[in-house]
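Along the sequence shown, the residues carry numbers beginning at 1. The figures that follow rest on heavy atoms only: side chains count, while hydrogens, waters and symmetry mates do not.
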Amino acid sequence: MNRYYVDLHIHIGRTWTGKPVKITGAKSLTFTNIIEHARHEKGLNMVGIIDSHSPEVILEMESLIQSGDVYEHEDGGLVFGDLTVIPGSELEIYDEQCNGPIHLLCYFPNLTIMREFSNWLSAHLKNIQLSSQRVYITGMELQKRVKELGGIFIPAHVFTPFKSLYGRGVNRSLTEVLDPNLIDGIELGLSSDTQMADQLGELHKYTFVTNSDAHSLAKIAREYQVVAMQEPTFKELHKALKGEDGRKIVANYGLDPLLGKYHKTVCAECLNQVNENDQVCTLCGHPKIIKGVADRIFELKTADEGPEGRPPYVHQVPLEFIPGLGPRMLGKLIDHFGSEMAILHEVPFEALKEVVPAKIAALIMQAREGKVNLAAGGGGKYGKIADQ
């Protein structure tokens, strides 16, 4: 069995003609730029591009197939050299069963099915061109359609305070809005990890995935997983999510939850950390409080530990978080060592310090080993590496 670096949540910012898809996504996030960056600079083996329902994005993918730059694997996925693309879609439900909007991820094996899904979606949302659109059907109806098309269904960033399953969508249980038997995995999001999520007993039967939710090229692979598969295809990925025939998630790599934007409960105005039961900010008096992921999970807790056999969750600091490691120096490292994955996992200290100052090389090694001091984030502001 081979091991592959996988990030399944990357947004399209613009089409190849410059039209917006993910409004908040960078203009450089075209399909072609994503696959080139993910393959050549990040060193990934599989990516999920989750705005592939947009008609112009489909046209760009079809054009790359016609030119011979990309081909469709018979077991699903679009192959670009040693990178496989899984076409997907992020959608929002807010039906009468939901307390708030919920984002959901749907993946499909090929462009024929993605185009069929896109055509079906166009009758249930306002703008098929854009990302993360609200679909005017129930969550269970969406699940059923995805499964009819042979797709993979995963709730997105399930604990974030905005537009997520537990952050806004339900009172206590996913069964309030979704069919638990039609879920293929759970995306944790940047402010939680395996140990935190396994405090919810109803999640014990699901595989956890850790993805970047990238809105810029630099953010690709800030979270990812290593997956054991025979080859990087849709069929093999589906088996890995089910833990079938030796396919599995080997390890999840993600931010320490302290670095996530929504870990702590804070004032929405000044981001002062507050207690979850405070009605107003104790510093500025503002009445709006954003409940942090840690407090929300404690509120929902039904278990003290997770199931046996969970893959390790490795707290890894992305290179862009390293103080003093700017774009120019990072580019120098990638040019020298080949990819960010190589720098994060393989390059020894002695080799690093030949390219960058010893202090930065030491920080990279400490971040790789989870030995850096962190200051917690909250309310939409990332945490950071504190003074060492």
Side-chain angles (χ1 to χ4, degrees), residues 6-12 21-25 29 46-54 86-95 97-108 117 121 125 130-135 137-140 142-143 145-147 151-170 173-174 176-180 182-194 196-197 200 202-203 206-215 219-225 237 241 249 252 254-255 257 260-263 293 296-297 300 380:
V6 177
D7 178 1
L8 294 171
H9 192 152
I10 301 171
H11 280 285
I12 298 280
V21 180
K22 184 69 174 180
I23 300 295
T24 56
L29 277 173
M46 176 181 282
V47 293
I49 298 184
I50 49 82
D51 297 321
S52 297
H53 64 271
S54 183
I86 306 298
S89 179
E90 182 176 42
L91 298 163
E92 180 179 305
I93 61 164
Y94 193 0
D95 60 47
Q97 305 302 320
C98 301
N99 294 329
I102 300 171
H103 280 188
L104 304 165
L105 302 171
C106 314
Y107 302 93
F108 300 98
F117 183 68
L121 273 182
L125 47 70
L130 297 180
S131 168
S132 309
Q133 288 288 286
R134 179 181 174 184
V135 286
I137 55 175
T138 68
M140 292 186 187
L142 178 60
Q143 286 180 285
R145 185 57 179 152
V146 170
K147 289 303 171 182
I152 291 171
F153 184 90
I154 298 176
H157 45 72
V158 295
F159 296 112
T160 54
F162 308 105
K163 300 186 177 181
S164 78
L165 185 63
Y166 294 108
R168 289 295 297 275
V170 301
S173 172
L174 61 84
E176 295 167 32
V177 295
L178 297 173
D179 182 339
L182 300 182
I183 294 173
D184 296 298
I186 295 291
E187 185 183 68
L188 297 182
L190 304 184
S191 295
S192 64
D193 60 15
T194 295
M196 294 173 68
L200 278 67
E202 71 176 359
L203 296 183
Y206 299 114
T207 294
F208 292 157
V209 293
T210 40
N211 301 314
S212 67
D213 193 359
H215 287 51
K219 293 291 191 295
I220 294 173
R222 61 180 166 182
E223 294 203 345
Y224 56 93
Q225 46 264 304
L237 174 64
L241 292 172
I249 306 294
N252 297 100
L255 302 181
K261 293 196 293 184
Y262 302 107
H263 186 67
V293 169
R296 177 58 172 155
I297 290 177
L300 296 172

Please report the C-alpha distance between Lys147 and Asp184 in whole Å, then the side-chain angles of each, then the deciding distance to 0.1 Å, and finally whether the side-chain contact (heavy atoms from CB on, under 4.5 Å) criterion is met.
CA-CA 10 Å; Lys147 289 303 171 182; Asp184 296 298; 2.4 Å; yes
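- A donor-acceptor pair is defined here as one N or O able to donate and one able to accept, closer than 3.5 Å; such a pair exists between the side chain of His53 and the backbone of Leu130.
- Of the possible donor and acceptor atoms, one in the side chain of Glu187 sits under 3.5 Å from a partner among the backbone N and O of His157.
- A distance-only check finds no donor-acceptor pair linking the side chain of Asp213 to the backbone of Gly189 [under 3.5 Å].
- Tyr107 contributes a side-chain N or O that, together with a main-chain N or O of Leu8, makes up a donor-acceptor pair within less than 3.5 Å.
- With sequence neighbours left out, the side chain to side chain donor-acceptor pair (under 3.5 Å) criterion links Asn99 to Asn171.
- When side chains are defined from C-beta on, Phe117 counts as touching Val146, because their heavy atoms get closer than 4.5 Å.
- Side-chain contact of Ser132 with Glu90: a donor-acceptor pair under 3.5 Å is present, judged by distance alone.
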Before you tell me yes or no, could you show the steps for Leu178 and Val170 under side-chain contact (heavy atoms from CB on, under 4.5 Å), namely the whole-Å CA-CA distance, both residues' side-chain angles and the distance that decides it to 0.1 Å?
CA-CA 10 Å; Leu178 297 173; Val170 301; over 6 Å; no
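- Not counting sequence neighbours, the partners of Thr207 by the side-chain contact (heavy atoms from CB on, under 4.5 Å) test are Leu241, Ile249.
- In terms of the side-chain contact (heavy atoms from CB on, under 4.5 Å) criterion, residue partners of Leu125 (sequence neighbours excluded) are, by chain and number, Leu91, Leu121, Ile128, Gln133, Val135.
- Proximity of a side-chain donor or acceptor of Glu176 to a complementary backbone N or O of Gln97 within less than 3.5 Å is not detected.
- Under the 3.5 Å distance criterion, the side-chain polar atoms of Arg296 are left unmatched by any main-chain donor or acceptor of Pro161.
- Side-chain contact of Ser131 with Asp51: a donor-acceptor pair under 3.5 Å is present, judged by distance alone.
- A donor-acceptor contact shorter than 3.5 Å is absent between the side chain of Arg168 and the backbone of Pro101.
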Checking side-chain contact (heavy atoms from CB on, under 4.5 Å) for the pair Asp7/Asn211: CA distance, chi angles, key distance, verdict?
CA-CA 5 Å; Asp7 178 1; Asn211 301 314; 3.5 Å; yes
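- Summarising the geometry of Pro155 relative to Ile183, their closest heavy-atom pair is CD-CG2, 3.7 Å, with the distance given to 0.1 Å.
- Every ring-ring contact (aromatic ring centres under 6.0 Å, His included) that His11 has, sequence neighbours left out, goes to His9, His215.
- With sequence neighbours left out, the salt bridge (charged side-chain N to carboxylate O under 4.0 Å, His left out) criterion links Lys22 to no other residue.
- In this structure, the side chain of Tyr206 engages the main chain of Pro180 through a donor-acceptor pair within 3.5 Å.
- Remark: Leu200 pairs with Phe159, Tyr166, Leu203, Ile297, Leu300 by the side-chain contact (heavy atoms from CB on, under 4.5 Å) rule, at least two apart or across chains.
- Pro257 approaches Ser191 most closely through the heavy-atom pair CB-O, 3.5 Å.
- Side-chain atoms of Gln225 come within 3.5 Å of backbone atoms of Thr210 as a donor-acceptor pair (strictly under, hydrogens ignored).
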